[in-house]
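One structure below.
A, B, ... follow the sequence lines: proteins, then strands. Residue 1 opens every chain. Just so you know, these numbers use all the heavy atoms, side chains as well, and skip hydrogens, waters and symmetry mates.
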There are 2 protein chains.
Amino acid sequence: MARNKDLNKQMRDERREQILSNALRLFAVNGLAATKISDIATISGFSQGLIYHYFRSKEDIFTELIREAFGKLNHAARELEKLPVPPREKIKIALEELLKSFEKSENFALSHLLIAQATVSDAIPKEAKKIIAAENMVPYEIITRIIIEGQKDGSIKQFDSNDLALVFWTSVKGLAMHRAAHGKKYKTPDKNILMSMFFT
Amino acid sequence: MARNKDLNKQMRDERREQILSNALRLFAVNGLAATKISDIATISGFSQGLIYHYFRSKEDIFTELIREAFGKLNHAARELEKLPVPPREKIKIALEELLKSFEKSENFALSHLLIAQATVSDAIPKEAKKIIAAENMVPYEIITRIIIEGQKDGSIKQFDSNDLALVFWTSVKGLAMHRAAHGKKYKTPDKNILMSMFFT
DNA sequence: TTTATAATTGAATGAATATTCAGTCATTAT
DNA sequence: ATAATGACTGAATATTCATTCAATTATAAA
């Protein structure tokens with residue numbers, strides 16, 4: 001035997017994370033096809049060959065990122081729905097958290113951008129397509145349910161609930177794109193603007 | 001001499017349009033790198049080689065599409081600003097027209113999607129980058145001016161005008177992405193939802 | 001120190017695909 | 001009818017990567 005097993009695994013995991021994080025930026029910004037393995041390797045500071053010790057293929061990295069992005073997003077949405085607060089508060093919290101996260105974390109915005117682009121594209125791995133087909137509607141459904149609840153108790157405007165949920169997520173995605181495109185220069189808009197679509 | 005000059009030019013123009021229209025869908029949905037010349041040729045119903053009678057390169061087609069997309073968008077924005085109606089009406093008309101156009105014309109949504117993706121991406125032709133740098137802020141600036149006017153006369157909410165303009169366009173882009181991703185199944189949301197960000 | 005193990009490199013391979021080009025076909029003015 | 005013009009084809013070429021692999025280096029247990 002050589003190196004300590006646990007330390008080894010930890011190193012492997014760190015490298016994987018490093019690759020995934022760098023690949024996220026490149027895939028989200030430039031897309032799967034325009035991102036070269038050599039780009040990911042160079043930005044990560046090592047040789048092309050090494051990528052293949054950690055991932056089977058470029059498509060594998062992409063698919064893993066899609067899996068993680070939906071995992072986090074849909075987990076957060078489910079947690080939101082469970083919160084012990086009135087529906088109106090849930091929408092408010094969701095918007096606040098989303099805007100705050102865009103501001104704080106570039107990766108958060110990139111993750112949304114990745115989802116947005118992958119959802120539109122045909123040119124992605126089969127496995128990623130499957131994940132999208134299975135997970136893509138979850139956030140819409142959850143927000144729709146919360147909105148319906150809020151409309152019952154009169155705290156959310158009486159627009160069509162599906163329309164409201166659609167505009168909720170499309171506006172968020174639009175902001176994510178803008179944040180990703182303008183990086184440092186991005187200034188979070190007043191959350192009350194978006195909130196005024198839902199509340200009087 | 002052979003074929004009639006004018007007829008010839010007309011044929012050329014029609015073919016060009018055909019190529020551009022088909023390429024728009026492919027570029028907007030899959031991106032520059034993931035779109036093959038052979039895809040454009042096949043979908044247009046002729047051989048790969050012929051593309052090169054009409055365009056110098058794949059990047060040329062892309063750049064031309066970016067040029068056209070910004071040309072139309074910014075022309076429309078300038079016309080909007082000139083309309084002899086109060087500022088509040090301009091915002092209302094803009095939103096109505098944008099939503100109606102998304103519904104009516106797939107190419108309109110694709111054109112917005114192309115702009116959105118190209119604005120984020122590094123992996124696009126230099127010439128396209130230049131066009132984006134020169135044209136990208138125009139719609140924001142115009143909407144900001146209209147909003148400031150509307151706030152002076154009290155017909156538009158008193159949020160930060162830059163924030164309002166940002167949310168205006170990011171929400172529209174988000175909708176364009178959704179429309180492009182869901183094609184036939186897309187149902188235009190109630191325009192009053194978006195309008196409630198601007199008007200009481 | 002030696003040795004087993006895994007990380008790492010970068011050149012070689014092969015596949016995908018953009019672009020070119022030599023030749024064919026279709027049209028129409030003469 | 002035919003000659004000139006330009007549309008059009010598809011195979012050949014060139015280029016750009018993804019992926020593989022044989023060799024090297026670093027680590028730490030023995």
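Not counting sequence neighbours, the partners of B/R145 by the salt bridge (charged side-chain N to carboxylate O under 4.0 Å, His left out) test are B/E81. Judged as a side chain to side chain donor-acceptor pair (under 3.5 Å), and not counting sequence neighbours, B/Q48 has no contacts. Qualifying side chain to side chain donor-acceptor pair (under 3.5 Å) partners for A/S44, counting only residues two or more places apart in sequence or in other chains: A/N22. A/E149 meets the salt bridge (charged side-chain N to carboxylate O under 4.0 Å, His left out) test with A/K152; sequence neighbours excluded. For A/K184, the side chain to side chain donor-acceptor pair (under 3.5 Å) test picks out no residue, with sequence neighbours left out. Under the ring-ring contact (aromatic ring centres under 6.0 Å, His included) criterion, A/Y186 pairs with no residue, sequence neighbours left out.
Distance from the side chain of A/Y54 is smallest for C/dT8 among the nucleotides D/dT20, C/dT8, D/dA7. Relative to the side chain of A/S57, the nucleotides D/dC8, C/dA7, D/dT19 differ in distance, and D/dT19 lies closest.
Atom CZ in A/R12 sits about 16 Å away from atom C1' in D/dT27, given to the nearest Å. As a whole-Å value, the separation of B/H53 NE2 from C/dA22 C1' is 11 Å.
The list of salt bridge (Lys or Arg N to Asp or Glu O under 4.0 Å) pairs with a residue in residues 153-179 of chain B, not counting sequence neighbours, reads A/K187-B/D163.
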Produce the list of close N/O pairs, under 3.5 Å, pairing protein atoms with atoms of nucleotides 10-17 of chain D; give distances to one decimal.
unit_1 : atom_1 : unit_2 : atom_2 : d
D/dC17 : OP2    : A/K36  : NZ     : 3.2

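OP1 and OP2 of C/dT20 both lie 4.0 Å or more from every side-chain N or O belonging to B/Y52. Distances shorter than 4.0 Å separate none of the side-chain N or O atoms of B/R15 from OP1 or OP2 on D/dA7.
For the contact set between residues 20-31 of chain B and DNA chain D, defined by any heavy atom under 4.0 Å, there are no members.
Between A/Y140 and A/F168, the gap from one ring centroid to the other reaches at least 6.0 Å.
Residue contacts shown for A/F46 are limited to sugar-phosphate atoms, with no base heavy atom under 4.0 Å away.
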